[in-house]
Amino acid sequence: MTRPLPGAVVTPGGLPATTTATATYVFAVCHGCDPAVLTGLAGQAAGAPVRLLRFGSLEAVVQDVPAEMFSEEALRERLADRAELEHCARAHHAVVAAAAGRAPTLPLPLATLYLSDERARAALREDENRFRSVMGRIAGRVEWGVKVYAAPGRPPPTRPERTGPTTTAPTTTTLTATAPPETTSAARTGTRPGHAYLDRARGARRAREERQEAGLNAAASVDRALRDIAVAGRRLRSHDTGVTGAGRVQLLNAAYLVDEGREADLIGAVELLRTSPGYERVELEVTGPWVPYSFVDGGDLDADQ
């Protein structure tokens with residue numbers, strides 16, 4: 001996310017109490033955008049046109065939105081709802097993508113708001129030099145997202161399974177195989193069952209640790225390989241299983257800034273990695289191309305965001 005702009009109110013804050021009927025919502029900053037590409041876009045307020053607001057040598061892509069819908073309380077409630085948050089994010093991205101398709105465009109954070117055009121113009125003007133520098137860095141480049149997940153595996157059992165009086169325990173069930181009960185060291189040496197259980201538990205823990213280490217090593221190799229292709233890379237905060245889904249442990253969540261025309265190189269590198277030895281225990285996911293959201297504030301550095 002970009003750093004907040006002077007005078008801007010960025011989610012989750014919302015607008016302070018105000019008597020104005022409308023506020024100025026800013027989607028992005030661009031240079032030389034054709035206003036025709038914004039025609040018909042719904043933006044964040046149906047019926048209000050998405051338009052350009054000139055400041056200095058640049059333009060902001062803006063829209064008048066009902067101030068009451070973007071007050072501090074109203075915005076907090078709307079964005080706490082997952083469906084509403086997704087709707088707002090998609091609407092925001094649709095406008096940014098339309099502008100970026102025609103001109104160098106720097107996306108601004110969701111719900112960047114000002115009380116009026118005049119306040120927006122004055123605040124944006126203060127950051128004009130930074131905007132121009134960032135647009136120079138991302139012009140002609142796109143963002144690709146790459147995620148690496150630990151491949152789902154069946155963990156070793158930590159206790160005997162009872163399936164009936166005549167059924168013996170399974171001989172091998174996981175990556176760490178155990179011998180049949182009658183040939184285990186416990187049976188041969190007279191080790192107590194409790195010790196055998198602890199041995200199995202330790203073996204299961206070692207197997208999990210080995211899988212985790214192998215997955216992390218594979219994820220690091222993916223990151224190194226793709227940074228050789230990209231202009232810049234950024235490691236983002238990994239999502240927990242509440243977002244990725246039960247059993248999907250995310251080992252890498254990264255974004256790469258890639259020159260237009262090198263998309264095939266990046267995708268080819270990912271496909272090669274997928275079939276290489278040592279990557280059987282991970283899953284790779286690629287998304288893009290995107291407007292370079294992750295690189296508007298110096299994305300050549302890793303970031304936990």
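Index from 1, following the sequence.
- Ion pairing between Arg227 and Asp223 holds under the 4.0 Å rule for side-chain N and carboxylate O.
- Between Leu113 and Val26, every side-chain heavy-atom pair lies at or beyond the 4.5 Å cut-off.
- Between the side chain of Ser221 and the backbone N or O of Asn217 there is at least one donor-acceptor pair closer than 3.5 Å.
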If you apply the rule side-chain contact (heavy atoms from CB on, under 4.5 Å), what do you find for Val61 with Leu38, and how did you get there?
CA-CA 9 Å; Val61 183; Leu38 307 177; 4.0 Å; yes
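- The closest side-chain donor-acceptor pair between Tyr25 and Gln63, if any, does not fall under 3.5 angstrom.
- Two rings, from Tyr293 and His93, have their centers less than 6.0 Å apart.
- The pair Asp259-Arg262 fails the salt-bridge criterion, with no side-chain N (NZ, NE, NH1 or NH2) lying under 4.0 Å from an Asp/Glu carboxylate O.
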Set out, in order, the CA-CA distance, both residues' side-chain angles and the distance that settles side-chain contact (heavy atoms from CB on, under 4.5 Å) for Val134 and Phe295, then state yes or no.
CA-CA 8 Å; Val134 173; Phe295 298 93; over 6 Å; no
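- Side-chain heavy atoms closer than 4.5 Å link hydrophobic residues (I, L, V, M, F, W, Y) into clusters, and following such links, even through other members, never connects Leu272 to Tyr256.
- With salt bridges taken as basic N to acidic carboxylate O contacts below 4.0 Å, none links Asp127 and Arg132.
- For Glu72 and Arg76, the salt-bridge test passes: some basic side-chain N is under 4.0 Å from an acidic carboxylate O.
- The cationic group of Arg78 lies under 6.0 Å from the six-membered ring centre of Phe70 and within 45° of the ring axis, placing it in a cation-pi geometry.
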